[in-house]
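Notes to accompany the following structure.
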Amino acid sequence: MSLRVLAGIFLAVLSAGLFSGSVDATQIVISNLDGPGEGFNDPAPVQPVGLNPGTTLGEQRLFVFQHAAKIWASIINSNVDIVVEAKFDPLTCSATSAVLGSAGATTIVRDFPNSPVASTWYSVAEGNALAGSDLVTSAADITATFNGDIDNNNNCLNGYNWYYGLDGVRPANTFELLSVVLHELGHGLGFQTYVNLSTGAKALGLNDAYMLNLEDHTPSQKTWGSNGMTDAQRLASSTDTGDLHWVGPNVTALVGNYSAGVNSGHIRMYAPNPAEGGSSVSHFSNTLAPNELMEPFDTGPKSGPGLALQLFQDISWNTFADARPVITVLGDQSTHDGEAIQLTFRITDNDTAVSSLTLQAASSDSAIVDAAGMSFAGSGNTRTLTITPLVGSSGATTIDVTVSDATSSASESFVLNVVFNNPPVVTLVSPADGSAFTDTDTISLQAGATDTEDGDVAASLTWSSSLDGALGSGASVFTQLSEGVHVLTATAVDSLGKTGSATATVTIYGPGDTDTDGLADNWEFASFGSLNETATGDFETDGLSNLDEFNLGTDPIDPDSDQDGVTDGDEVHVYGLDPTRSDKGDVGPRSAPDGLINAGDLVVMTRLVAGIDQPTTLDSALADINRDGLLNAADLLLLEQAVLNGTPP
């Protein structure tokens with residue numbers, strides 16, 4: 001731990017970039033000493049991790065530092081900003097050991113207004129807090145450096161990395177930066193002695209507030225600040241493992257909480273032999289159980305100062321009677337209207353059960369997010385906030401999240417940017433609006449769908465009819481519809497549940513007779529393409545009315561439905577034949593087809609072809625097998641083949 005000691009004012013250069021935490025009574029301000037592209041300014045992209053929303057390496061480091069500052073600021077009371085010079089630089093590191101960080105007070109002060117003990121050194125941060133004014137305006141109060149070699153370096157601790165999460169759940173082979181920053185800030189705030197541990201000499205011959213509470217149990221139980229302890233005795237005490245204790249009353253009152261690291265009713269301090277520069281004396285013993293934040297070695301994630309709070313009280317720091325709650329940083333968010341997003345965060349309070357803390361959220365623009373659109377869930381330290389912007393809203397709103405205990409509160413704010421979510425656009429390909437079909441037609445339903453945010457969403461299409469209900473899903477559906485006028489709707493949905501649709505109205509003709517003309521609508525429409533024909537009309541002028549065609553089952557647009565050469569009207573009205581059955585080749589008996597194709601027909605055909613008999617109009621039509629308008633041997637040959645094969649000619 002490095003420090004500069006002056007009886008009065010000292011000079012230091014501050015960085016231009018200052019970052020502070022939430023607006024609490026105590027403000028710990030971070031002065032970024034890193035250059036472009038390094039440390040807090042490292043632009044390397046990273047994914048948010050463990051409730052740390054940072055998206056660059058530098059941003060995540062800064063958020064960790066800010067959170068550690070908020071934890072200390074929730075406990076110690078100062079109306080003077082505490083400025084911390086901080087940076088990431090290479091520190092000692094090998095495959096087996098490393099210095100994770102180092103920090104200390106930039107200067108020490110004494111005999112200031114409200115000084116608890118005369119001629120006694122205090123860290124400048126504590127001195128400012130007690131005096132109620134900035135005693136050294138030209139410089140920062142704490143300097144801190146963290147090992148920048150740890151990340152992604154196989155030559156440093158065999159590839160161990162920093163963990164930048166704020167959730168206290170560090171992965172294997174990592175060091176939680178939050179605990180290390182909490183630890184180092186503790187040193188800068190005053191968890192250290194200013195005695196020269198190479199000689200045992202006091203700083204400029206004066207006591208410091210920390211050493212006043214150090215006692216060596218051998219041989220005469222002297223405190224380090226007593227007039228009877230010599231420099232040599234202090235030097236020896238610094239390596240008197242097991243016998244260097246803390247005798248401050250606030251720490252001592254809690255010794256019953258520890259199963260190890262206690263001797264003669266006092267908490268042991270770290271006093272290894274040989275001494276360890278930067279570690280000896282200014283830490284609790286590493287034998288404490290349970291472990292403490294201010295031990296010399298990393299012992300895993302810590303969420304607060306632990307026993308260091310009582311040590312600070314012993315060295316006369318003013319601490320809050322009721323610590324303020326602390327909430328992790330909440331990064332800015334973006335979503336669409338109507339799209340719920342969920343933020344997870346962590347709340348702590350050094351002296352209040354988290355189950356007793358209350359949470360509130362407020363939006364700066366209720367037209368974007370109203371009170372009903374925000375809700376909390378979860379228990380313990382980890383909580384979630386679900387935010388659902390109003391449908392149709394857009395723009396930016398500031399969300400304030402406040403956690404409160406019985407007497408104090410803390411807030412975090414973030415900007416929520418809401419982008420209007422465009423609905424899908426559906427384009428109907430078929431059927432055309434206003435088209436008509438019969439109830440026996442298979443109708444092709446075809447559509448496309450695109451979405452500004454999602455692209456092609458045709459696969460989400462569903463089809464429905466105002467009469468028949470659901471028809472199917474997908475860009476292409478084939479279906480039959482019941483009689484009536486249908487409004488067909490194709491609906492697409494995007495990834496956020498917003499829908500878009502297109503409609504077409506179609507008419508389906510069935511067995512009903514809506515124009516009361518005696519003709520079934522589906523038959524009339526299928527035959528004529530409309531319902532404009534009448535029952536008495538004769539569309540193809542074959543001698544049969546439309547109603548006769550409907551009743552007989554003939555083709556109303558073909559005068560010879562059975563293609564035997566005789567019009568439908570003549571077959572019915574002149575010859576008494578069935579117009580739906582071909583009589584082609586059935587020439588015998590003459591003028592009275594019997595529905596059979598046999599030798600009798602060949603005899604009659606032979607006589608007609610030979611000119612023995614003169615053909616009648618009916619004979620000419622039925623005997624013209626090849627439909628060339630002539631009655632000759634070719635027709636006779638075709639009839640012979642039909643008779644032999646037993647097939648129609």
Side-chain angles (χ1 to χ4, degrees), residues 338 421-535 537 539-540 542 544 546-547 549-563 568 580:
N421 176 32
N422 295 281
V425 176
V426 178
T427 303
L428 278 179
V429 177
S430 68
D433 186 47
S435 57
F437 305 89
T438 71
D439 58 348
T440 60
D441 288 335
T442 297
I443 303 170
S444 173
L445 310 180
Q446 306 284 333
T450 59
D451 184 78
T452 301
E453 293 79 22
D454 295 342
D456 189 348
V457 291
S460 73
L461 282 165
T462 56
W463 296 82
S464 64
S465 160
S466 58
L467 298 182
D468 293 351
L471 301 176
S473 60
S476 178
V477 171
F478 295 90
T479 188
Q480 291 181 325
L481 298 173
S482 63
E483 182 177 19
V485 178
H486 295 249
V487 177
L488 302 180
T489 303
T491 302
V493 59
D494 65 16
S495 60
L496 301 180
K498 184 163 281 189
T499 60
S501 62
T503 62
T505 300
V506 298
T507 300
I508 304 300
Y509 295 114
D513 183 13
T514 57
D515 57 357
T516 64
D517 59 1
L519 306 176
D521 289 346
N522 53 2
W523 182 88
E524 188 174 358
F525 181 77
S527 299
F528 308 118
S530 72
L531 301 186
N532 296 330
E533 291 297 315
T534 64
F539 183 81
E540 83 287 44
D542 63 352
L544 284 183
N546 292 330
L547 182 60
E549 302 264 16
F550 171 66
N551 290 328
L552 291 172
T554 55
D555 186 344
I557 62 173
D558 188 338
D560 183 9
S561 298
D562 55 8
Q563 303 298 306
D568 295 342
T580 64

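Because the structure is a prediction, the values reported are computed rather than measured.
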Do side-chain atoms of D439 reach the backbone of S482 as a donor and acceptor pair under 3.5 angstrom? no
Report the C-alpha separation of V426 and T491 in whole Å, then their side-chain angles, then the decisive distance to 0.1 Å, and conclude whether the side chain to side chain contact (heavy atoms under 4.5 Å, CB included) test is met. CA-CA 7 Å; V426 178; T491 302; over 6 Å; no
Locate the shortest heavy-atom distance separating D555 from E540; write the atom from each residue and the value. O-OE2, 3.3 Å
Gap separating the CG atom of D568 from the CG atom of L544, nearest 0.5 angstrom: 5.5 Å
Could you report the tightest heavy-atom contact between D521 and D513, atom names first, then the distance? OD1-CA, 3.5 Å
In sequence, state the C-alpha distance, the side-chain angles, and the governing distance for F525 and T507, and then conclude on side chain to side chain contact (heavy atoms under 4.5 Å, CB included). CA-CA 11 Å; F525 181 77; T507 300; over 6 Å; no
Using the rule given for side chain to side chain contact (heavy atoms under 4.5 Å, CB included), can you reason through T505 versus L488, listing the C-alpha separation, both sets of side-chain angles and the distance that settles it, and then say yes or no? CA-CA 6 Å; T505 300; L488 302 180; over 6 Å; no
Against E524, only a single residue in T514, T438, D515 fulfils side chain to side chain contact (heavy atoms under 4.5 Å, CB included); can you say which? D515
Holding to side chain to side chain contact (heavy atoms under 4.5 Å, CB included), I want the full list of residues that pass it with V429, two or more places apart in sequence or in another chain. Q446
Atom CH2 of W463 and atom OG of S473: how far apart are they, to the nearest 0.5 Å? 11.0 Å
Considering only heavy atoms from C-beta outward, does the side chain of P423 approach that of T499 to under 4.5 Å? no
Audit row: D542, D560, side chain to side chain contact (heavy atoms under 4.5 Å, CB included) steps and yes/no: CA-CA 8 Å; D542 63 352; D560 183 9; over 6 Å; no
Side-chain touch S561/T580, heavy atoms, less than 4.5 angstrom: no
Taking all heavy atoms of L471 and all of S464, pick out the closest pair and write down the distance. CD1-C, 3.9 Å
Would you indicate whether the side-chain heavy atoms of T442 and T479 approach each other to under 4.5 Å? no
Straight-line distance of T534 OG1 to L531 CG, nearest 0.5 Å: 12.5 Å
How long is the span from the CG atom in D441 to the CD1 atom in I443, to the nearest 0.5 Å? 6.5 Å
Which heavy atom of A449 sits nearest a heavy atom of A492, and at what distance? CB-CB, 3.6 Å
For a 4.5 angstrom cut-off between non-hydrogen side-chain atoms, does D517 reach L547? no
Nearest heavy-atom approach of A432 to S435 is O-OG, 2.7 Å
Looking only at atom types and distance, does a side-chain atom of S466 sit under 3.5 Å from a main-chain N or O of V487, one as donor and one as acceptor? yes
Any donor-acceptor N/O pair, E533 side chain to F539 backbone, under 3.5 Å: no
I'd like to check the ring pair (Phe, Tyr, Trp, His ring centres under 6.0 Å) partners of W523; sequence neighbours left out, ordered by chain and number. F528, F550
Residues which pass side-chain hydrogen bond (donor to acceptor under 3.5 Å, both in side chains) with D558, listed by chain and number, not counting sequence neighbours: Q563
To the nearest 0.5 Å, what is the distance between OG1 on T489 and CG on L445? 11.0 Å
Which heavy atom of A447 sits nearest to which heavy atom of L461, and what is that distance? O-CD1, 3.7 Å
How far does CG of L496 sit from CG of D454, to the nearest 0.5 angstrom? 6.5 Å
